[in-house]
Trainee: 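I have a structure here, written as structure tokens, and I will follow up with some questions on it.
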There are 2 protein chains.
Amino acid sequence: MEVLTTEQKIINAANKIFSLKGFAATKTREIAEEAGINLALLNYYFGSKENLFKIVVKEKFKMLIEVMAPILSDTTIPLRDKVESITNNYTQLLLENEELPIFVLNEWSVNKEMFAEITLNARKIAQPVIENQLKESGLELSVADFITNILGLIMFPFVAKQLIISSGLIKEEEFITFVTERKDKIIAWILK
Amino acid sequence: MEVLTTEQKIINAANKIFSLKGFAATKTREIAEEAGINLALLNYYFGSKENLFKIVVKEKFKMLIEVMAPILSDTTIPLRDKVESITNNYTQLLLENEELPIFVLNEWSVNKEMFAEITLNARKIAQPVIENQLKESGLELSVADFITNILGLIMFPFVAKQLIISSGLIKEEEFITFVTERKDKIIAWILK
DNA sequence: GTCTATATTGTGATAGAC
DNA sequence: GTCTATCACAATATAGAC
């Protein structure tokens with residue numbers, strides 16, 4: 001039985017509510033209630049709703065980046081294996097955090113200023129490595145297209161989940177099977 | 001010089017602000033100001049912020065669906081041509097409404113209840129047609145994967161635009177070229 | 001560190017004159 | 001149909017006791 005600090009309880013609750021509702025629709029009272037703490041403590045620890053939000057978003061964002069960056073920039077991993085492990089890792093991560101991609105992408109587009117400070121030197125390290133590997137494997141694909149296609153094929157089902165389900169293309173209870181079975185196919189689609 | 005009715009001015013302003021900020025972050029006063037009308041008129045014409053939002057979202061949503069549905073369900077168009085015209089039409093639509101996909105997909109996932117009434121019999125009509133054409137063309141692809149892949153490959157660059165740009169994968173001013181050049185590639189990727 | 005109570009400002013909505 | 005003025009309350013934030 002783990003004992004959480006008040007600070008951690010607030011972070012956990014904020015994580016949940018912000019992800020579910022977005023920044024503007026989330027009330028600090030709701031976070032306090034979810035965390036089982038007094039509203040005043042939220043401001044005592046984090047100063048403001050906006051500051052708490054930034055912390056949560058950065059954490060979520062880090063989750064997304066950390067799946068890709070180290071794998072992509074590793075020169076010893078063959079391209080095929082990179083696609084495979086990114087696909088597997090992301091699918092797993094997203095199944096455990098279904099609201100993660102739409103939350104991050106939306107808040108990013110609505111709230112550009114907040115993300116200005118988050119920079120990606122990850123890309124700078126990975127780009128030449130991938131460029132090389134794409135050339136070697138004979139795939140006529142730019143790095144931008146390669147990344148966009150992998151992420152798009154993996155993440156889009158989660159981003160568009162409600163659309164896919166209410167259209168009846170697949171049923172709610174089939175969703176896990178749907179994205180799980182896509183994993184192997186994605187590797188084939190990307191690598192032709 | 002076109003003269004707009006007050007009602008239309010409000011719709012246009014609401015379209016713009018809601019798309020930019022989402023439902024919760026949008027203030028009715030801001031819509032009124034953007035429309036150049038009095039705040040009270042917003043409620044006079046539309047009753048409530050929520051009702052106005054529903055109208056806007058349904059309109060946006062219709063834009064997205066109308067691009068696909070008639071093409072997909074047409075039995076006389078070969079699969080190859082369907083992919084081509086959907087790719088072209090969507091890319092054009094999204095270039096003119098860059099915020100459209102993230103807005104619709106996010107509001108849909110955050111605000112499921114609001115969309116409950118919007119049903120898709122479009123899918124019911126298109127599904128058997130596409131299923132048949134996929135089989136005939138020898139592509140081992142389910143309808144769900146086919147739709148998900150087309151939409152993902154076309155829409156994801158717009159959904160993840162901020163991520164792609166701040167990573168430095170492509171520059172802001174290269175974005176139009178990037179998605180335009182993807183059009184031809186997408187046809188090849190989908191049809192193997 | 002944690003609480004109660006309250007200050008202060010938003011913000012959606014409406015009453016009622018014109 | 002359109003405006004001004006205002007209500008009613010929701011929500012962030014803080015002061016100050018314990």
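A quick note: this is a predicted structure, and the numbers were derived from the prediction, not measured.
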Trainee: Can you name the side chain to side chain donor-acceptor pair (under 3.5 Å) partners of Glu174(A), sequence neighbours left out?
Mentor: none
Trainee: Please name all residues satisfying ring pair (Phe, Tyr, Trp, His ring centres under 6.0 Å) with Phe18(A), sequence neighbours left out, ordered by chain then number.
Mentor: Phe53(A)
Trainee: Go through the structure and list residues passing side chain to side chain donor-acceptor pair (under 3.5 Å) with Gln162(A), not counting sequence neighbours.
Mentor: none
Trainee: Quick one: side chain to side chain contact (heavy atoms under 4.5 Å, CB included) partners of Arg80(B), sequence neighbours excluded?
Mentor: Glu84(B), Ile187(B), Leu191(B)
Trainee: So what's the dot-bracket for DNA chain C: Watson-Crick or G-U pairs under 3.5 Å, [ ] if a pair crosses, | if it pairs off-strand?
Mentor: |||||||||.||||||||
Trainee: Using a strict heavy-atom distance below 4.0 Å, which residues from residues 36-44 of chain A are in contact with DNA chain D?
Mentor: Ala40(A), Asn43(A)
Trainee: According to ring-ring contact (aromatic ring centres under 6.0 Å, His included), does anything in residues 169-192 of chain A pair up with another residue at least two apart or in another chain? List the pairs.
Mentor: Phe158(A)-Phe175(A)
Trainee: For residues 8-15 of chain A, which residues have at least one heavy atom under 4.0 Å from DNA chain D?
Mentor: none
Trainee: Tell me the side-chain hydrogen bond (donor to acceptor under 3.5 Å, both in side chains) pairs involving residues 31-40 of chain B, sequence neighbours left out?
Mentor: Lys16(B)-Glu34(B)
Trainee: Restricting to side chain to side chain donor-acceptor pair (under 3.5 Å), what partner residues turn up for Thr6(B), sequence neighbours left out?
Mentor: none
Trainee: Name each donor-acceptor pair under 3.5 Å that joins a side chain in residues 7-15 of chain A to protein atoms two or more places apart or in another chain, with its distance.
Mentor:
unit_1: Gln8(A); atom_1: NE2; unit_2: Asn12(A); atom_2: OD1; d: 3.2
unit_1: Asn15(A); atom_1: OD1; unit_2: Lys60(A); atom_2: NZ; d: 3.2
unit_1: Asn15(A); atom_1: ND2; unit_2: Glu59(A); atom_2: OE1; d: 3.4

Trainee: Please identify each residue that fulfils side chain to side chain donor-acceptor pair (under 3.5 Å) with Thr76(A), with sequence neighbours left out.
Mentor: Asp74(A)
